[in-house]
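Sequence positions, counted from 1, serve as the residue numbers for this chain. Every value quoted in this text rests on a predicted model; they were computed, and no experiment measured them.
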Amino acid sequence: MHPPISQSITFTYTSDLGAASGFFREVMELELVLDQGPCHVYRLTDSSFLGVCSLPDRPTDAAGVTITIVSDDVDGWHRFLTAKGLRYERAPARSERFAIYSSLFVSPHGYRIEIQRFDDGGWHE
């Protein structure tokens, strides 16, 4: 059995830390929990976090990366963010294939962000 895991942070990268961090702080209204200068860390839940960094040796391609935020209120997030002018790539809709209800937008620093609810009883909460 592996040692315990207490938290997780997903780091994303940008060349414009002000815009990317401002999006998470001002548009999504996430709580900034750590400012390390070139990296800012935001709380998603008590044990999961989203970071954004501007580093000279950072990965520069966001292709193939989707950040999924699990929430029972996909429609509420859609109303909240569209009221702030955010344009969604995909409005909330059900996927029979994956048994989810989800929506999708792209952050200012090019990352796909999906907000979804699992309708599959097999999902562990």
Side-chain angles (χ1 to χ4, degrees):
M1 174 180 263
H2 64 74
I5 298 170
S6 60
Q7 298 175 326
S8 68
I9 303 173
T10 300
F11 282 99
T12 63
Y13 300 92
T14 183
S15 57
D16 187 346
L17 184 61
S21 188
F23 174 76
F24 293 130
R25 186 179 58 256
E26 296 161 14
V27 177
M28 293 192 71
E29 296 186 18
L30 299 178
E31 175 191 3
L32 176 66
V33 294
L34 183 61
D35 182 344
Q36 298 176 306
C39 293
H40 297 169
V41 180
Y42 291 89
R43 179 183 314 278
L44 294 174
T45 70
D46 287 342
S47 61
S48 63
F49 303 85
L50 183 60
V52 59
C53 297
S54 181
L55 301 167
D57 61 343
R58 72 187 179 278
T60 57
D61 190 1
V65 174
T66 300
I67 299 163
T68 298
I69 296 171
V70 179
S71 173
D72 286 335
D73 196 359
V74 174
D75 291 324
W77 271 104
H78 184 261
R79 284 188 303 275
F80 176 74
L81 294 173
T82 55
K84 293 182 171 210
L86 183 69
R87 187 180 67 79
Y88 270 71
E89 298 288 314
R90 189 180 71 234
R94 174 129 172 88
S95 167
E96 296 299 329
R97 178 179 181 195
F98 295 109
I100 61 170
Y101 183 70
S102 68
S103 59
L104 181 78
F105 59 89
V106 177
S107 73
H109 63 313
Y111 287 86
R112 293 165 38 113
I113 300 180
E114 176 184 45
I115 299 181
Q116 80 173 28
R117 178 187 72 224
F118 283 96
D119 293 334
D120 180 347
W123 172 248
H124 173 70
E125 291 190 56

Within one Ile-Leu-Val-Met-Phe-Trp-Tyr cluster: [X] and [Y], side-chain cutoff 4.5 Å:
X: Leu50; Y: Val27; result: yes
X: Val65; Y: Val106; result: no
X: Met28; Y: Ile9; result: yes
X: Leu86; Y: Val74; result: yes

Would you say the side-chain atoms of [X] and [Y] include a donor-acceptor pair closer than 3.5 Å?
X: Gln116; Y: Thr68; result: no
X: Tyr111; Y: Thr14; result: no
X: His78; Y: Ser103; result: no

Quick check for you: to the nearest 0.5 Å, what is the distance between [X] atom [atom1] and [Y] atom [atom2]?
X: Thr12; Y: His109; atom1: OG1; atom2: NE2; value: 3.0 Å
X: Phe98; Y: Phe118; atom1: CZ; atom2: CZ; value: 10.5 Å
X: Asp35; Y: His40; atom1: CG; atom2: NE2; value: 3.5 Å

*Run the numbers on Arg112 and Glu114 for salt bridge (charged side-chain N to carboxylate O under 4.0 Å, His left out), then give the verdict.*
CA-CA 7 Å; Arg112 293 165 38 113; Glu114 176 184 45; over 6 Å; no
What heavy-atom pair brings [X] and [Y] nearest, and what distance separates the two atoms?
X: Ala19; Y: Pro108; answer: O-CG, 4.5 Å
X: Lys84; Y: Glu26; answer: NZ-O, 2.9 Å
X: Pro92; Y: Asp75; answer: CB-OD1, 3.4 Å

*Measure up the Phe105 and Tyr88 rings against each other and bin them: parallel (under 30°), tilted (30 to 60°), perpendicular (over 60°).*
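Ring orientation, 0 to 90° scale: perpendicular.
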*Phe11 vs Val52, side chain to side chain contact (heavy atoms under 4.5 Å, CB included): CA-CA, chis, key distance, verdict*: CA-CA 6 Å; Phe11 282 99; Val52 59; over 6 Å; no
Heavy-atom check, side chain of [X] versus side chain of [Y], under 4.5 Å:
X: Tyr13; Y: Ser54; value: no
X: Pro38; Y: Cys53; value: no
X: Ser102; Y: Arg94; value: no

_So for atom CG, which belongs to Asp46, do other residues, nucleotides or ligands contribute more than 12 heavy atoms lying within a distance under 6.0 Å?_
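No, because the 6.0 Å sphere around CG of Asp46 holds 12 heavy atoms or fewer from other groups.
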_Member of Leu81, Leu104, Ile67 meeting the side chain to side chain contact (heavy atoms under 4.5 Å, CB included) criterion with Ile115_ =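 When side chain to side chain contact (heavy atoms under 4.5 Å, CB included) is applied between Ile115 and each of Leu81, Leu104, Ile67, only Leu81 qualifies.
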_If you apply the rule side chain to side chain contact (heavy atoms under 4.5 Å, CB included), what do you find for Leu44 with Phe49, and how did you get there?_
CA-CA 5 Å; Leu44 294 174; Phe49 303 85; 5.9 Å; no
*Check step by step if side chain to side chain contact (heavy atoms under 4.5 Å, CB included) holds for Ile69 and Ile113.*
CA-CA 7 Å; Ile69 296 171; Ile113 300 180; 4.1 Å; yes
*Intermediate values then yes/no, side chain to side chain contact (heavy atoms under 4.5 Å, CB included), Ser21 and Tyr42*: CA-CA 9 Å; Ser21 188; Tyr42 291 89; 2.4 Å; yes
*Residues in salt bridge (charged side-chain N to carboxylate O under 4.0 Å, His left out) with Arg87, at least two apart?*
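With sequence neighbours excluded, Arg87 shows a salt bridge (charged side-chain N to carboxylate O under 4.0 Å, His left out) to Glu89, given in chain and number order.
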